[in-house]
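To start, the structure under review is shown below, and the notes come after it.
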Amino acid sequence: EESTDGESDDDSTRSKPHKHVPTWARGETLQNALRKQQAVDPSHFFNMAASSCDLHDIFVASSKPFKRRTSSQNWSQDLTTYNERQKYRQEMGFTPPK
């Protein structure tokens, strides 16, 4: 596939320097870790029912006041219900993490 500057994707990828990839993030080590995670429900790590977050908790070093959030942050209409989350967990075959 050609990019807009006339170079193919293969050519542009080869000319860029490669970043160091740690051993835990490649090969069989990575594959084993991914296999262990594939049946773990992400809601054990992420709050799937969160309607918002406190930006002060995330950006503790920020000294600037945050602008008032507008309707774009109002996700109440988009949240999944308890029954939808349970159905998803069942369909995905999720199990608790070990």
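Hydrogens, waters and symmetry mates are skipped; everything else that's a heavy atom, side chains included, is used.
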Please identify each residue that fulfils side-chain contact (heavy atoms from CB on, under 4.5 Å) with E84, with sequence neighbours left out.
T80, T81
I need the full list of salt bridge (charged side-chain N to carboxylate O under 4.0 Å, His left out) pairs touching residues 18-27, with sequence neighbours left out, sorted by first then second residue.
none
Is there any salt bridge (charged side-chain N to carboxylate O under 4.0 Å, His left out) pair reaching into residues 27-37, and which pairs are they, with sequence neighbours excluded?
E28-R35
Would you please name every residue forming a salt bridge (Lys or Arg N to Asp or Glu O under 4.0 Å) with K87, sequence neighbours left out?
E91
How would you list, by chain and number, every residue that makes a side-chain contact (heavy atoms from CB on, under 4.5 Å) with Q86, sequence neighbours excluded?
Y82, R89
Quick one: hydrophobic cluster around L30, which other residues, with the 4.5 Å side-chain cut-off, linked directly or via members?
L34
Mind listing the closest non-hydrogen atom pair of T29 and T23 along with its distance?
CB-O, 3.7 Å
